[in-house]
Amino acid sequence: MNLFSDIRSLVISSLEKLQSDGALPKGLNFENVTVEPPRDSSHGDMSTNAAMVLSKPSGMNPRDIAEALTVLLASDERVISADVAGPGFLNLRLKQDYWTSIIPFVIKAGVNFGRTTIGNGIKVNVEYVSANPTGPLHVGHTRGAVFGDALASLLDFAGYDVTREYYINDGGSQVDVLARSVYLRYLEANGQKVEFVDGTYPGDYLVDLGMDLKNKYGDSLVGKPESDWIAELRLFATEKMMDLIREDLALLGIQMDVFFSEKSLYGTGLIEAALADLDGKGLVYQGVLEPPKGKKPEDWEAREQTLFKSTKHGDDVDRPIAKSDGSWTYFAPDIAYHFDKVQRGFDQLIDIFGADHGGYVKRMKAAVSALSNEEVSLDIKLTQLVKLYKNGEPFKMSKRAGTFVTLRDVVEQVGPDVTRFVMLTRKNDAPLDFDFAKVQEQSKDNPVFYVQYAHARICSVLSKAENANIGIKANKFETLKHPNEMAVVKKLAEWPRLLELAAKHNEPHRLAFYLYELAGDFHALWNMGKEAPETRFFQENNPNVSSEKLAMVSAVKLTIAAGLTILGVTPIDEMR
RNA sequence: GCACCCGUAGCUCAGCUGGAUAGAGCACCUGACUUCGAAUCAGGGGGUCACAGGUUCGAAUCCUGUCGGGUGUACCA
């Protein structure tokens, strides 16, 4: 139930009536006609731009269209008044009982309030995290993990058929580095003194793996050449690391549907098949790239490589898919991976990258565009840096020394709910400050708390009412009249619309901001009960009025719960 | 050099498909607790939406250019 789309339907059907009456030309496109809450509530309850967007295509004055439209709209039983304002805005005031009809609907829908079918079962693949399997997830991965997971839930709620996917980069040279690092730990377990040089991973999360290897092989690998153990250790270490990463994700309540191994693309003909597809479209050639301008020309050497003509699909330069020695670049298996996604029948692909991978956006989009004949869309969302603080002081981390802040560190300190919500209080492409002290603070300064507190307050008053045997009214809300009460009810009515927009733009942070606003409207109403006792939700001597107000706050509670659930945050009943 | 992201109140940020007088929070000032949970609320001051052009009925939003910040820039993944 979306009151805004209901009224939009009314506007559209009224426009059609004007057409059949000859007051408006036929063949107009109504796609851009919107019905939305006006910025300033003094203008009315809902506002439509119909007259303005149809002015040019119909060749009519916007005010003339608006005037004709008001007559039809004003005759609808839900409408109190329809006025033309400004250049041709049409402002509607709607009856109180139309707004309050949302309340029983919310109560019936529960945490499914706002669930829609606009996704229409479209198959969407959301790929996120996809961290190298060389260590535990750190705080930067956490943001991508939370964002991707919330986005996946949001799309699911909006009626898409969602697959959550993780691409394991287990095919490249960083896995050799991992294997060598584990080998060093193995030597250490055998009593040798070792040094972690040039690019090996010094983190102590590999100590246990060294011990495991010692238990398995004794000292039989000590002093053996790399060729004897590297393949075995690669496999062993990546499996262990993926176990670790799966555990880390589970701490945040994240469960992937698919873990896709890069390695599985090698030696199976899949890379060759993807590149053959591009070749068949005339997009692969042998060539030499221009040197990049403004950067270390002294290192530059002209090399002939296999290139993908990504410029044909919007990229700035063509991209190498094979090195000069003939082996694949990183891009080649990535092309094959996205080819596989296309072949699995997804209608839309979404990749979540860290902002430091922004340079790959155009080439990946070019690849998907080429591979799918422009039929599958790829949206790439970049998540910006997370800056850590503790009481306002920056929190240093150094990957070189192996002392980075892990996902586990964060979740164990502040809990999964706080971690998730805070990560969503910024738009994905804006940097985020994460202060360990602040996010645990129980004050208005902390949006997680503020929203949870509203939910808990409602639970508290509902349980009081229950003890007094006062129920929740199911229809006919006649006493909800105060502007602050109506503000809350109207806010509730906005939820389905907001959800659709958030899903359409792939922006789950909008839910977090909405919940903060809804909680604010609720807290304001609550406090009003001090000065105006007749607005209190629970009034023992007036069960009828109470049951209406309690129904309203129940609806607020359920909407908060619905929103938090999509974001992966548990609503809390009590905070004492 | 080029590409992408960003520039909105003193600070941190929202701002919907281009829509009306640009909004929150923090901080600052003033007020509200014998309370349906004051961990909250009400009110106040605070803006050249980086700058300059353009598109149009209308621009923080779209286009071009300039300035400033971040990220990335051919045989790493």
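No experiment lies behind these values; they were computed from the predicted model shown.
Formation of a donor-acceptor pair under 3.5 Å by the A/R420 side chain with backbone atoms of A/L567 is found in this model.
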Bracket notation of RNA chain B in which parentheses pair within the strand, [ ] cross earlier pairs, and | pairs with another strand (Watson-Crick or G-U, under 3.5 Å) = (((((((..((((.....[...)))).(((((.......))))).....(((((..]....))))))))))))....
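Of all nucleotides listed (B/C41, B/G37, B/C36), B/C36 comes nearest to the side chain of A/F537. Among the nucleotides B/G19, B/A32, B/C5, the one closest to any side-chain atom of A/N527 is B/A32. For A/K362, counting side-chain heavy atoms from C-beta on, the closest listed nucleotide (B/C4, B/C41, B/C13) is B/C4. The listed nucleotides are B/U40, B/C13, B/C16; the one nearest the side chain of A/Y450 is B/U40. Which of B/C76, B/C4, B/U40 sits closest to the side chain of A/H523 comes down to B/U40. Closest approach to the A/D429 side chain among B/C5, B/C13, B/G37 is made by B/C5 (side chain taken as heavy atoms from C-beta onward).
Evaluation of the ring-ring contact (aromatic ring centres under 6.0 Å, His included) rule for A/F260 yields A/Y337 as partners, not counting sequence neighbours.
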Name the pairs: protein N/O against N/O of nucleotides 20-30 of chain B, kept only if under 3.5 Å.
{"from": "B/A20", "atom 1": "OP2", "to": "A/R39", "atom 2": "NE", "distance (Å)": "3.0"}
{"from": "B/A20", "atom 1": "OP2", "to": "A/R39", "atom 2": "NH1", "distance (Å)": "3.2"}
{"from": "B/A20", "atom 1": "OP2", "to": "A/R39", "atom 2": "NH2", "distance (Å)": "3.2"}
{"from": "B/A20", "atom 1": "N6", "to": "A/S47", "atom 2": "OG", "distance (Å)": "2.8"}
{"from": "B/A20", "atom 1": "N6", "to": "A/N91", "atom 2": "OD1", "distance (Å)": "2.6"}
{"from": "B/A20", "atom 1": "N1", "to": "A/N91", "atom 2": "OD1", "distance (Å)": "3.2"}
{"from": "B/A20", "atom 1": "N1", "to": "A/N91", "atom 2": "ND2", "distance (Å)": "2.9"}

Protein-nucleic acid N or O pairs under 3.5 Å, nucleotides 68-71 of chain B:
{"from": "B/U71", "atom 1": "O2'", "to": "A/A355", "atom 2": "O", "distance (Å)": "3.1"}

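With salt bridges taken as basic N to acidic carboxylate O contacts below 4.0 Å, one links A/E507 and A/R510. The pair A/K490-A/D45 meets the salt-bridge criterion, since a charged nitrogen lies less than 4.0 angstrom from a carboxylate oxygen.
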Which donor-acceptor pairs under 3.5 Å do the side chains of residues 327-335 of chain A make with protein atoms, sequence neighbours left out?
{"from": "A/S327", "atom 1": "OG", "to": "A/D325", "atom 2": "OD1", "distance (Å)": "2.8"}
{"from": "A/T329", "atom 1": "OG1", "to": "A/P320", "atom 2": "O", "distance (Å)": "3.1"}
{"from": "A/T329", "atom 1": "OG1", "to": "A/I321", "atom 2": "O", "distance (Å)": "3.4"}
{"from": "A/T329", "atom 1": "OG1", "to": "A/F331", "atom 2": "N", "distance (Å)": "3.3"}
{"from": "A/Y330", "atom 1": "OH", "to": "A/D334", "atom 2": "OD2", "distance (Å)": "3.2"}

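Regarding contacts with the backbone of B/U56, every side-chain N or O of A/K56 stays at 4.0 angstrom or more from both OP1 and OP2. Residue A/K427 has a polar side-chain atom (N or O) positioned under 4.0 Å from OP1 or OP2 of B/G15. Note on A/S460: a side-chain N or O is less than 4.0 Å away from OP1 or OP2 of B/G37.
Here side-chain hydrogen bond (donor to acceptor under 3.5 Å, both in side chains) pairs that include residues 422-434 of chain A, with residues two or more places apart or in two chains, number zero.
When the C1' atom is compared between B/G44 and B/G54, the two are found 40 Å apart, to the nearest whole Å.
In this structure, A/M528 reaches neither bases nor backbone, as no heavy-atom distance under 4.0 Å exists between it and the strands shown. Contact annotation for A/T34: base contact, defined as any heavy-atom pair under 4.0 Å involving a base atom. Residue contacts for A/R319: at a heavy-atom cut-off of 4.0 Å it reaches no nucleic acid atom on any strand shown.
A donor and an acceptor atom never sit less than 3.5 Å apart when one is taken from the side chain of A/D433 and the other from the base of B/U12.
Projected onto RNA chain B by closest heavy-atom contact, A/A430 and A/K530 fall at different nucleotides, the more 5' of which corresponds to A/A430.
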